[in-house]
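Each chain gets a letter, A, B and so on, in the order the sequences are listed, and its residues count up from 1.
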Amino acid sequence: MRSVAVLAGLILLLATAGAGAQDLDSVLARASYSQPERAAIRRRIELAEARGIDPELLLPRVAEGVAKRAPAELLEEAVASEITRLEAARDLIVESDAAGLVADRPSWLRAANLLDAGFRSETVRRLARASADRIEAFRPGSLLLTLLTEWGLDETAAATLAAATIDSRLATEEFPGLLDLLIAGRARRITPADMTRRLLDALPHVRNLRGLRRAVL
Amino acid sequence: MECSTWQEEFQIWLPEALEGGSQTAPPAELAEHARSCPACGPRLEAARLILEGSVEPTAPAGLADRIMTRVHERADERDRDRFGAGPPADGRTRRRAVRRPAWFVAIGAGAAAMVAVIFAAGMLVGRATNSDATASRAEAAEVIRVEFRLVAPDARGVAVVGDWNGWDADADRLADPDGDGVWEGTVVLRRAGEYEYQFLIDDERWMPDPESPLTVDDGYGGRNSILNI
């Protein structure tokens with residue numbers, strides 16, 4: 001019985017690998033790359049797969065390069081760069097004891113994009129650490145981070161606030177509401193620094209945005 | 001009640017009412033102020049229509065960002081008088097949502113793009129959000145409709161091309177049926193996720209969404225916008 005299950009698993013794995021290869025081939029078929037060029041791109045992706053990067057994560061970059069009519073050499077560089085940033089994000093997530101984020105591909109990609117967009121490693125690490133037991137909160141938390149820094153809060157304060165929000169009992173849909181509270185605070189002549197302190201003090205004790213508002217304003 | 005206070009209360013009440021909370025009727029103080037205020041009255045009326053189901057809430061996603069940008073600008077102006085220089089305290093350059101590459105001007109002055117996200121799960125859930133917003137609903141039963149809009153008066157054709165359509169320039173073409181230079185189209189996504197995309201104009205010019213709050217290096221000499229839903 002066990003051997004049947006193992007066999008079924010192997011068949012599934014082979015079928016999956018076959019499907020991935022077929023996708024890559026069909027994407028590359030849309031370009032006029034030479035056989036050696038295609039082989040080099042394929043080899044790059046196979047090496048990445050051996051290092052734990054699913055080809056599916058790289059296919060969009062290949063398709064993008066083909067769509068943008070990039071020379072094969074540039075496409076290969078772009079794929080290599082994508083592998084590097086995915087590995088960097090994965091390493092950072094694992095260091096943060098939040099490996100579950102790697103299993104959730106959008107979260108993994110999100111971490112890579114945050115780093116690419118210029119956020120410091122320490123910032124992403126703090127968010128990842130805070131999300132270790134609440135993976136679904138990582139991307140909403142990172143959205144809050146983006147909103148806060150767009151608004152002008154310095155990155156360290158924004159990361160502290162975003163991590164505390166992830167740690168709180170606030171529903172993820174309510175996360176962007178923190179920015180509204182900061183704005184409301186400024187309208188009442190409460191400095192952003194003071195509002196940040198109030199929010200950090202109140203977040204562990206409230207259950208929703210309404211309660212948070214009552215506590216800080 | 002002052003309009004600023006009314007707006008704060010309104011922003012707290014409306015999301016709760018939309019989510020089917022117990023308080024679907026506006027609080028008395030909100031209703032009272034709205035009755036006599038030409039600015040706030042129409043907002044409450046619009047909210048009522050949405051709650052009654054007379055109109056569907058299809059607010060464009062970029063709208064929240066644009067409103068917030070205006071709010072920040074106004075708050076900054078006020079705070080320069082009150083607190084001196086506003087944040088960022090560390091003197092860091094602010095990232096702004098709107099990025100306009102030089103060639104973008106050639107497409108048309110005042111050009112802008114918007115992304116609207118409407119979540120539908122059998123019935124319209126609808127929620128104003130932005131292109132960097134995150135949906136945390138169950139993915140299985142969810143269909144995500146993303147409305148793209150680009151103002152490009154001189155364009156002959158516009159497509160939105162990204163990870164979700166395999167970067168196929170023919171998959172999601174935008175349309176400008178009335179010829180006003182505003183190109184629009186809706187993309188249906190089968191699952192929430194993190195997607196990179198760009199607009200393709202006249203099948204030759206790639207550009208990121210000027211309204212996207214987060215862009216990344218595309219590896220091909222440009223920048224991709226991020227759709228995080």
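- Contact count versus chain A (heavy atoms, under 4.5 Å) is highest, among B/Asn224, B/Val161, B/Thr5, for B/Asn224.
- Surrounding CG of A/Asp91 are more than 12 heavy atoms belonging to other residues, nucleotides or ligands, all under 6.0 Å away.
- Side-chain atoms of A/Arg139 come within 3.5 Å of backbone atoms of B/Ile229 as a donor-acceptor pair (strictly under, hydrogens ignored).
- Top candidate by heavy-atom pairs under 4.5 Å with chain A, chosen from B/Trp164, B/Tyr195, B/Tyr220, is B/Tyr220.
- For A/Leu181, no part lies under 4.5 angstrom from a heavy atom of chain B.
- For a residue to count as touching a neighbouring chain, one of its non-hydrogen atoms must lie under 4.5 Å from one of that chain's; by this rule B/Asp218 touches chain A with backbone and side chain alike.
- One distance of note links CD1 of B/Ile226 with OG1 of A/Thr146; it measures 10.5 Å at 0.5 Å rounding.
- Contact annotation for B/Asp203: only backbone heavy atoms (N, CA, C, O) come within less than 4.5 Å of a heavy atom of chain A.
- Heavy-atom proximity under 4.5 angstrom to chain B picks out A/Ala63, A/Glu64, A/Gly65, A/Ala67, A/Lys68, A/Arg69, A/Ala70 from residues 63-71 of chain A.
- Both the backbone and the side chain of A/Leu74 come within contact range of chain B, each with at least one heavy atom under 4.5 Å from a heavy atom of that chain.
- Contact annotation: the side chain of B/Glu196 never approaches that of A/Leu109 to less than 4.5 Å [non-hydrogen atoms, C-beta and beyond].
- For a residue to count as touching a neighbouring chain, one of its non-hydrogen atoms must lie under 4.5 Å from one of that chain's; by this rule A/Arg105 does not touch chain B.
- When the shell of 6.0 Å around CZ of A/Arg207 is examined, it contains 12 or fewer heavy atoms from other residues, nucleotides or ligands.
- The shortest side-chain heavy-atom distance between B/Leu214 and A/Arg110 falls under the 4.5 Å cut-off.
- Nearest heavy-atom pair, A/Pro106 versus B/Ala192, reported as atom, atom and distance to 0.1 Å: CG-O, 4.4 Å.
- A salt bridge links A/Arg213 to B/Glu9: one of the charged nitrogens lies within less than 4.0 Å of a carboxylate oxygen.
- Using a 4.5 Å cut-off between heavy atoms, B/Gln198 contacts chain A through its side chain alone, with no backbone atom that close.
- Around atom CD of B/Glu32, no more than 12 heavy atoms belonging to other residues, nucleotides or ligands sit under 6.0 Å away.
- Smallest separation of non-hydrogen atoms from B/Gly219 and A/Ala78: O-CB, 3.9 Å.
- The nearest pair of heavy atoms linking B/Asp217 to A/Asp116 is N-OD2, 3.7 Å.
- Counting only heavy atoms from C-beta outward, the side chains of B/Trp167 and A/Val62 never approach each other to under 4.5 Å.
- The local environment of CD in A/Glu73 is sparse, with at most 12 non-hydrogen atoms from other residues, nucleotides or ligands closer than 6.0 Å.
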